[in-house]
Structure formats: structure tokens, C-alpha cells
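Scope of the values below: all heavy atoms of this structure, side chains included, with no hydrogens, waters or symmetry mates.
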Amino acid sequence: MSFAESQSPSSGAVPEQPPPPHNQQEEEDESSKSQSKKAAKKEAAKQEKLRRRQEASLASAAQSLSVEEDDPLSSNYGDVPLSELQSKVAADVREWTEVGALTEGLSERYVLVRGRAQAIRAVGKNMAFLVVREKGFTVQCVVTAQPDTVSRQMVKYAAGLSRESIVDIEGVVSVPTVPIKGATQQVEVQVRKILCVNKAMPTLPINIEDAARSETEIEKALQAGEQLVRVNQDTRLNYRVLDMRTPANQGIFRIQCQVGNVFRQFLLSKDFVEIHTPKLIAGSSEGGAAVFKLDYKGQAACLAQSPQLHKQMAICGDFGRVFEIGPVFRAEDSYTHRHLCEFTGLDIEMEIKKHYFEVMDVVDRLFVTMFDTLNKNCAKELEAVGRQYPFEPLKYLRSTLRLTFEEGIQMLKEAGVEVDPLGDLNTETERKLGQLVLEKYGTEFYILHRYPLAIRPFYTMPCYDNPAYSNSFDVFIRAWILCVCGCSSDLVTFQSHLPLYLLIMCL
């Protein structure tokens with residue numbers, strides 16, 4: 001039901017309005033076109049005004065930064081001309097030090113770093129501070145006027161740089177006596193040279209500090225009577241390049257990279273073969289109408305819902321164990337956390353020698369290995385994400401809890417939840433069972449197996465000792481689902497009879 005329909009009076013039907021007269025309809029169309037043209041002209045004028053303002057700001061900045069008198073140290077600072085950025089002679093890139101590698105062990109060492117000028121602050125005429133960012137790491141750089149090394153014009157130049165400009169900085173690493181709050185690295189670079197490789201516009205559509213701000217921080221400020229800038233979703237998407245520079249987004253993409261890497265390496269170590277299946281196919285992958293249909297050179301085609309069929313073909317083709325990391329497309333009208341129109345699927349398929357526990361064992365160890373690796377290798381990234389989107393670390397056991405469906409039903413009944421012992425669990429009962437498992441066993445990751453046969457697909461094997469149940473299982477996990485507009489913690493089910501979809505974070 002549409003919003004308009006849901007607002008209709010419940011008693012009686014709303015009389016249908018007759019269509020407007022032909023002339024009236026034409027007048028309305030002309031009026032609409034006229035309004036569209038006016039809006040387009042207004043937007044074009046706005047963009048042109050912004051362009052002129054930016055050009056004027058650049059010209060003003062260039063004029064203010066021009067050397068008023070000859071500076072014998074002018075070679076230590078300035079804008080790098082385009083001709084100098086052309087590839088001429090092969091250079092050793094090892095002379096650069098990454099910002100993330102700047103530690104106390106490099107104290108008193110001369111380094112060359114490249115990054116974006118995230119924050120700039122002048123202190124009088126003889127000192128300026130720059131926070132330089134590279135790949136999510138930041139370091140504080142200090143430009144102090146000194147005879148024979150740093151001129152006051154150089155300090156003025158550094159202080160006048162626009163934020164997000166790319167700069168090359170040469171200097172000496174020093175260790176301050178007090179902790180640095182505005183940077184990830186607890187060292188400073190005493191600047192000797194600063195060259196601007198690419199200058200950003202003086203006024204940016206969004207500031208990185210604003211885009212990186214958490215909702216919690218904004219709400220606390222409002223309660224204290226202070227109003228902070230909130231960057232809305234549409235603005236983030238319009239200027240996605242800038243939004244991707246926030247520490248949280250940097251962390252999300254790097255964590256996603258690690259998820260795929262751990263998934264691949266673990267399965268390769270278990271004798272799986274990686275395959276690549278077609279995503280443009282003639283019919284639906286799993287049946288149903290939830291597919292994106294399109295015309296392919298005069299023939300009907302659709303985007304693949306799953307690599308299910310092709311994985312099973314690979315098993316029948318004697319590959320034994322296969323996996324794929326690839327896009328999945330589902331045209332489902334669902335606004336819950338369970339369905340996205342497009343996401344990356346991590347799929348596995350394997351033959352069973354004797355017992356379905358063989359698959360459970362692989363899935364069990366896969367997830368635990370993934371959790372362990374992310375906690376170990378992505379600590380800084382998880383911390384960065386948590387600052388903007390607070391979340392609780394996942395609780396899981398070294399030996400994963402396994403419950404039969406009957407045991408799960410019994411826990412629900414003891415908690416006063418009425419549920420069909422041979423029926424499927426809905427979202428609410430799954431959540432309730434997750435809460436009960438956490439309270440009793442202290443884990444948010446567990447496996448529920450021996451599901452009723454009636455609620456499983458036709459190809460699921462019945463249990464040998466009770467044909468009312470099946471050799472199947474679901475993996476339950478409290479996953480942290482992140483979107484560009486916010487985040488939420490909820491329970492996600494990974495079903496064994498479908499491809500294994502690992503969706504820890506989605507963009």
C-alpha cells in the first residue's frame with residue numbers, strides 16, 4: 001500500500017476525481033516545464049556563482065601568498081609546477097615514509113611524507129601547525145621560523161594552504177613531551193621543506209571533521225546548547241569522494257578487504273577451489289520473481305540472484321569444494337535488514353562424505369578465524385569505525401555453541417514464547433532466541449541444526465532417526481550492519497541450504 005493509500009479514510013471509498021480538461025492538462029504541463037526550466041537556470045546560476053567565488057578565492061590566496069620580497073629560502077616551499085609532476089626519471093619510492101609508520105623509533109630521523117593537509121593552524125607569524133593525513137593515519141607537522149632553514153614567508157605559505165591539499169613534507173621526527181590529541185601518530189615532524197603537489201579549493205562542500213562526527217556527539221552538543229554540523233546522507237552521496245576520506249569509511253573498506261582475504265585464504269587452505277560464475281543469465285537462479293530482468297540483444301535475461309546452480313555444477317564436475325566472492329542481485333521489495341538489492345556474496349559449496357557436520361565444521365572454523373583475524377589485524381580500523389558508529393564487540397566462544405532446533409524451541413517455551421515445534425522461526429522469535437542464548441551461554445554466534453523437514457527446501461536430506469527433521473543448519477550471528485545514514489545491531493541468519501552470505505558491513 002502506498003503512503004497516499006494508507007492515508008485514505010477507512011470508511012467508504014474516496015470518489016475518483018475526473019481527469020482535468022484537455023486544455024487545463026496542457027496548461028499544467030507547460031507550467032511544469034516552465035518551473036523545471038526555471039529551477040535548472042537557478043541551479044546553473046548557483047553553480048556559476050560558486051565557480052566564480054572559488055576562482056576569486058584562489059586568486060586572492062595566490063596574491064596573498066606571493067613573496068613580498070626575495071626569500072633566499074624560497075626553494076624550501078611553494079607549489080609544484082605541473083611539469084615537475086611528469087614522469088621523467090625513475091625514482092626510488094622507498095625514500096617516502098608512510099604516515100602510519102611514523103613512530104618513536106624514528107626519532108631524530110629525517111623523513112619525507114606525502115599526505116593531505118587535514119587541519120591548518122597558524123600561531124602568530126613564526127609558527128604554524130599542519131595535521132597531515134595519509135590512508136587514515138595522521139601526524140602533526142610543525143613549521144617554525146628559524147634562521148637558515150625556515151623563513152617567515154614559508155610559515156605564511158604553510159598557514160595559507162587550503163585544507164585537503166596534497167603536500168610533500170620533509171623534516172625531522174621528534175617526540176613531544178605531552179600526548180598529541182589531534183593525530184593518530186604520537187610524534188611530530190619538524191618541517192624543513194613543504195611543497196604543495198595539488199592544491200584543493202579554498203572552500204569544500206563538506207568538511208571531513210563534520211562528515212566524521214558521530215550522532216552521539218551531535219546529540220550531546222545539542223543537549224549542551226551547542227549546534228554542530230550534521231552531514232546528511234544526500235550530501236554524503238553527492239560528494240562521496242570527500243566522504244570516503246573519513247576515518248570510519250577508511251576503516252570500513254579496509255575491514256571489508258580483510259573479510260574477503262580471510263575468507264579466501266581460509267578456504268584455499270581447506271582445499272577449496274575459487275570459481276567465477278556468470279552474473280548475466282537466461283533465467284532466475286533460485287526461482288521466484290525477485291530478479292532484475294533486462295533485454296539482452298533481443299532475448300530475455302536477468303541478473304543472477306546467486307551462483308547456486310553453477311556451484312552445484314562444479315561439485316558434480318568433480319571439483320569437490322568450491323567458493324566464490326562476487327556480486328549478488330535481488331529485486332526484493334524488502335526494507336528490513338535481511339535483503340539488499342545488490343551486495344557481495346561469499347559463497348561456498350562442498351561435497352559431504354558421511355555427515356552434514358562436515359559442512360558445519362568448515363563454516364564454524366571459518367567464522368571464528370575471521371573474527372580472530374579482524375580483531376587482531378584491524379584493531380585501529382575497528383576503533384576508527386566505532387568512534388563514528390559506536391558498537392559492542394561481538395561475543396563468541398572458542399568452541400562454537402551448537403543447538404538442535406528442538407533445544408532452541410525448548411528454550412523459547414521455557415521463556416514463555418509460544419512457537420510451533422515443527423514450524424519456522426520468524427524474525428522476532430529468532431531475536432528472542434538470540435537473547436536467551438547470550439544470557440545462558442555468553443555468545444552471539446551459534447549454530448542451530450536439525451530443522452523441521454517441512455520448512456526446508458525439497459532437496460534437504462531427512463534425518464535418519466526422525467524423518468520429521470532434516471540434516472540442515474542455520475548460523476546465527478549478531479551482525480553490525482552499517483549504512484551511509486547510520487548503523488544498527490541485529491541478528492542475522494546464514495542458512496545452510498543457500499549460499500553462505502557473509503554480510504558484516506554493507507555500504
Salt bridge (charged side-chain N to carboxylate O under 4.0 Å, His left out), that's the test. Do E215 and R230 meet it? Break it down for me.
CA-CA 8 Å; E215 285 296 317; R230 175 187 277 110; 3.1 Å; yes

Is there a side-chain contact between F263 and L366 (heavy atoms, below 4.5 Å)?
yes

With heavy-atom distances below 4.5 Å as the criterion, would you say the side chains of C341 and F292 are in contact?
yes

Answer yes if the side chains of N207 and R163 hold a donor-acceptor pair under 3.5 Å, and no otherwise.
yes

Using modelled atom types and a 3.5 Å cut-off, is there a donor and acceptor pairing between side-chain atoms of Q250 and backbone atoms of M244?
yes

Indicate the atoms forming the closest heavy-atom contact of V132 with G115, along with that distance.
CG1-CA, 3.6 Å

Derivation and outcome, side-chain contact (heavy atoms from CB on, under 4.5 Å), residues Q256 and I252
CA-CA 6 Å; Q256 285 182 326; I252 289 168; 4.2 Å; yes

Heavy-atom donor-acceptor pair, R116 side chain to E164 backbone, under 3.5 Å
yes

Can you see whether Q410 engages E406 through a side-chain donor-acceptor pair at a distance of less than 3.5 angstrom?
no

Please check this pair: side chain of S162 against backbone of A200, looking for a donor-acceptor N/O pair closer than 3.5 Å.
yes

Just checking, is any N or O donor in the side chain of D372 or T369 under 3.5 Å from an acceptor N or O on the other one?
no

Evaluate the criterion salt bridge (charged side-chain N to carboxylate O under 4.0 Å, His left out) for residue pair R236 and D210; output intermediate values, then yes/no.
CA-CA 11 Å; R236 292 181 185 277; D210 296 333; over 6 Å; no

Check whether any side-chain heavy atom of F323 lies under 4.5 Å from a side-chain heavy atom of K311, and answer yes or no.
no

Taking D243 for its side chain and Y239 for its backbone only, find out whether a donor-acceptor pair lies under 3.5 Å.
no

What is the minimum heavy-atom distance between I325 and G260, and which atoms define it?
CD1-O, 3.7 Å

side-chain contact (heavy atoms from CB on, under 4.5 Å), that's the test. Do I218 and V229 meet it? Break it down for me.
CA-CA 8 Å; I218 293 174; V229 175; over 6 Å; no

With no hydrogens and no angle check, just 3.5 Å: does a side-chain donor-acceptor pair link S472 and S470?
yes

More than 12 heavy atoms of other residues, nucleotides or ligands under 6.0 Å from CD of Q227: yes or no?
no

Checking Q118 side chain against T138 main chain: does a donor-acceptor pair fall under 3.5 Å?
no

Checking Q305 side chain against A290 main chain: does a donor-acceptor pair fall under 3.5 Å?
yes

Straight-line distance of I455 CD1 to L422 CG, nearest 0.5 Å:
8.5 Å

So which of F445, Y446, Y441, F405 actually passes ring-ring contact (aromatic ring centres under 6.0 Å, His included) with F476?
Y446

Within the 4.5 Å heavy-atom criterion, are Q185 and F137 side-chain neighbours or not?
yes

side-chain contact (heavy atoms from CB on, under 4.5 Å) between L438 and T443, intermediate numbers included
CA-CA 5 Å; L438 176 60; T443 181; 5.9 Å; no

Between the main-chain N or O of T103 and the side-chain N or O of Q186, is there a donor-acceptor pair closer than 3.5 Å?
no

Would you please say whether a donor-acceptor pair under 3.5 Å links the side chains of Q258 and R254?
no

Can a donor-acceptor pair be found, under 3.5 Å and without considering hydrogens, that links the side chain of E407 to the backbone of T404?
yes

Mark yes or no for whether N232, through its side chain, and T235, through its backbone, hold a donor-acceptor pair below 3.5 Å.
no

Check whether any side-chain heavy atom of V359 sits under 4.5 Å from a side-chain heavy atom of M350, and report yes or no.
yes

Ring geometry between H355 and F357 (parallel below 30°, tilted from 30 to 60°, perpendicular above 60°)
perpendicular

Using atom types as modelled and distance alone, determine if a side-chain donor or acceptor of Q388 lies under 3.5 Å from a backbone N or O of V385.
no

With a 4.0 Å cut-off, would you call E98 and K135 a salt bridge?
yes

